[in-house]
There are 2 protein chains.
Amino acid sequence: MVTLAEVAQHAGVSASTVSYVLSGKRSISASTRQRVEQSIRELGYHPNAGARALASSRSNIIALMIPLRTDMYVPVMMEIAIAVATTARTHGYDVLLLTGEEGPDAVRRVTGSGLADAMIVMDVELQDERLPLLRGTGQPSVLIGLPADTTGLTCVDLDWGATGALCLEHLAVLGHRDIAVIGEAPAVYERHTGFAERTLDGLRSRARELGLKVLHRPCEGGYDAMAATLARIFDERPGTTGFVVQNESAVEPLLALLRQQGRAVPEDVSVVAICPEQVAVQASVRLTSVAVPAQEMGRRAVEHLVAKLDGRGRDEVVLLAPELTVRASSGPAPSAP
Amino acid sequence: MVTLAEVAQHAGVSASTVSYVLSGKRSISASTRQRVEQSIRELGYHPNAGARALASSRSNIIALMIPLRTDMYVPVMMEIAIAVATTARTHGYDVLLLTGEEGPDAVRRVTGSGLADAMIVMDVELQDERLPLLRGTGQPSVLIGLPADTTGLTCVDLDWGATGALCLEHLAVLGHRDIAVIGEAPAVYERHTGFAERTLDGLRSRARELGLKVLHRPCEGGYDAMAATLARIFDERPGTTGFVVQNESAVEPLLALLRQQGRAVPEDVSVVAICPEQVAVQASVRLTSVAVPAQEMGRRAVEHLVAKLDGRGRDEVVLLAPELTVRASSGPAPSAP
DNA sequence: GAAGTGTGTCGAAGCGCTTCGACTGCTTCG
DNA sequence: CGAAGCAGTCGAAGCGCTTCGACACACTTC
């Protein structure tokens with residue numbers, strides 16, 4: 001293993017000079033710099049991470065807490081994680097992967113041990129146990145998701161309320177009056193995950209303003225669950241002509257079942273999905289949808305974190321504006337018989 | 001920030017004693033141990049990771065390289081990553097997330113800097129650039145996936161050859177003679193990803209033994225691509241009655257298209273899928289399938305790595321035996337007209 | 001020409017931990 | 001009863017780096 005000292009000797013300078021060449025924190029003459037860089041290359045030197053962390057009390061690592069559960073938005077989570085990792089690298093950081101399993105203890109451990117300089121937390125619940133800890137430590141952190149109380153926190157998220165409203169509006173403009181909302185699995189609502197509730201709120205309040213009727217049904221993914229859910233919906237509200245789906249694994253079943261029942265999309269019923277772009281495009285009917293900007297969220301989270309670590313940036317809630325893309329699954333409501 | 005020295009002072013012992021309490025590397029009297037543990041708790045002490053790494057030249061971190069691409073098996077990758085992270089924690093390790101982006105350099109960086117003690121590499125290509133590096137370093141590593149040459153490497157993977165053979169056999173036993181294989185996107189084959197090619201080899205060689213005809217077609221996911229692929233298949237081989245699908249995003253389109261064409265599953269054609277359990281169960285027809293044991297793979301990879309780090313364990317190729325679960329998508333071949 | 005101002009380099013201290021050898025009392029055994 | 005062995009503890013060295021102050025030297029500035 002090559003050390004700084006060996007590089008220094010090889011280049012005929014002192015260790016501190018090599019360090020300054022590496023960090024750029026003091027000016028170094030061009031000739032010395034070149035000599036040192038040459039030695040670094042020749043010897044294949046890599047600074048020891050532990051020593052660096054100890055001496056500088058900076059680990060250059062960002063911790064990322066991902067949910068343990070895989071009952072929703074798996075590809076989204078993955079995309080965020082990848083975006084976080086790659087963005088972090090461009091700023092010189094590595095990413096430590098924590099699963100939610102340890103819960104709040106993970107926050108303590110990472111903060112206390114100096115393992116990471118900062119933290120990104122996903123799958124935030126409205127009253128998340130981790131929040132007090134994050135507020136308490138001096139460590140910068142960014143949430144991907146929005147808790148009930150955001151004071152003293154930095155959050156990045158899609159504006160789910162606006163997303164719900166946008167979907168509703170789109171259907172309203174098309175003349176639909178009776179809307180069914182197919183949501184995530186009941187468990188998602190039970191643990192008060194912010195995005196699910198906010199979407200619903202946005203949807204409902206806009207419906208109230210526009211005088212539309214909204215029926216919300218959580219739904220496990222898959223055909224059987226969707227079939228049951230759909231039956232109940234048409235049972236309660238036979239006049240339903242608009243659907244908003246926020247559950248990737250219910251999208252395709254819904255389309256298949258509608259087809260099976262002889263309800264044409266978009267002639268008889270319109271469907272608007274809230275899902276990753278890929279799902280919307282690959283579905284059997286190209287779906288009018290609001291995409292979840294996963295990459296953007298990951299990137300923004302890291303950038304805010306880096307800003308904080310550099311002393312710039314302050315607590316802030318960043319809500320990304322939803323964008324609705326009209327595709328083939330929505331159209332004018334059938335005129336009443 | 002609380003240090004070892006402060007704990008020592010608080011407990012009235014020397015720093016080394018506290019260290020030995022923590023590591024258990026020397027015997028400590030029960031009374032001293034208790035006093036120290038008490039102090040640790042009272043002060044909320046967490047050992048500094050950097051200092052530890054420096055002094056012991058062990059970071060207690062495992063690096064996990066995941067693919068940057070998201071053109072296949074995203075949920076599987078995610079499941080593996082989560083399994084790796086949770087298993088690693090039970091052995092006292094944390095996980096550093098690396099994307100394939102940096103390529104081989106990431107291996108050099110992590111190895112050289114002592115950032116991680118060991119490495120798990122996913123998305124292995126048959127002739128992977130990273131292999132020479134992994135063989136060269138003293139660092140233990142485990143591949144999830146199988147390259148062409150495994151000498152000096154430890155690998156964990158599903159036995160894809162056997163998986164292919166198993167699917168083929170199942171269809172053969174049911175009397176199908178003309179089999180179509182719907183594969184991953186062409187790009188996956190082009191970069192010579194081991195699993196895709198091995199599956200195909202296993203399938204084909206068993207087909208040869210049993211005298212069946214096999215037609216392989218790579219396929220991007222989604223309806224349009226699947227429709228084109230399916231048309232070509234029935235065009236070339238109108239007598240096709242068995243399908244093997246290795247591409248999650250082609251599964252549902254295939255089923256829908258078959259239905260649309262009036263071909264009943266499993267009465268007219270049988271479908272066997274190679275996909276995550278969830279996809280098989282949630283599909284519109286419950287699919288006969290071979291599951292990808294993602295969790296198992298992640299767990300095993302970590303356990304092998306930990307064994308190596310402990311000086312136990314040696315290079316070895318672990319192939320998990322595939323299991324085929326019969327569900328509702330496969331049945332006897334229709335007797336020839 | 002003395003004082004001030006940069007610029008480039010070095011030496012040494014120290015980050016918080018692990019670990020080795022040494023020491024102290026015991027017990028145990030020939 | 002002295003030597004040997006062991007459990008339990010301590011002190012000190014050192015892991016590889018960053019960073020602070022000091023210093024040498026070359027310039028400007030009055």
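Numbered from 1 within each chain, the chains take letters A, B, ... in sequence-line order. Computed from heavy atoms alone, side chains included, the values below leave out hydrogens, waters and symmetry copies.
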Between Lys308(A) and Ser141(A), is there a donor-acceptor pair closer than 3.5 Å when you use the side chain of the first and the backbone of the second?
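Yes, the answer is positive, given that a donor and an acceptor are paired below the 3.5 Å cut-off.
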Base, sugar-phosphate alone, or nothing: which one does [X] contact when heavy atoms must sit under 4.0 Å apart?
X        : result
Thr32(B) : sugar-phosphate
Ile28(B) : sugar-phosphate
Ser19(A) : base
Ser29(A) : sugar-phosphate

Quick one: is Ser27(B) getting a side-chain N or O under 4.0 Å of the dG8(D) phosphate, OP1 or OP2?
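Yes, because at least one side-chain N or O of Ser27(B) sits under 4.0 Å from OP1 or OP2 of dG8(D).
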Hey, which of these two, Met1(A) or Ser23(A), hits DNA chain D nearer its 5' end, going by closest nucleotide?
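The answer here is Met1(A).
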Do Met65(A) and Val107(A) touch side chain to side chain, with heavy atoms closer than 4.5 Å?
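A side-chain contact under 4.5 Å exists here.
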Would you say [X] has more than 12 foreign heavy atoms packed within less than 6.0 Å of its [atom1]?
X         : atom1 : value
Gln9(A)   : CD    : no
Gln295(A) : CD    : no
Glu316(A) : CD    : yes

May I ask you to verify whether the side chain of Arg26(A) and the base of dG21(D) hold a donor-acceptor pair under 3.5 Å?
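Indeed there is one.
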Report the distance from atom OH of Tyr20(B) to atom P of dG8(D), rounded to the nearest whole Å.
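My rounded result for the distance is 14 Å.
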What integer distance in Å separates Lys25(A):NZ from dG21(D):C1'?
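My rounded result for the distance is 16 Å.
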Might you work through the salt bridge (Lys or Arg N to Asp or Glu O under 4.0 Å) test for Arg89(A) and Glu101(B), ending with a clear yes or no?
CA-CA 10 Å; Arg89(A) 281 303 307 145; Glu101(B) 200 187 30; over 6 Å; no
For chain A and DNA chain C, what are the first and last nucleotides along the strand, 5' to 3', with at least one atom under 4.0 angstrom from a heavy atom of the protein chain?
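In short, chain A contacts DNA chain C from dT7(C) to dG16(C).
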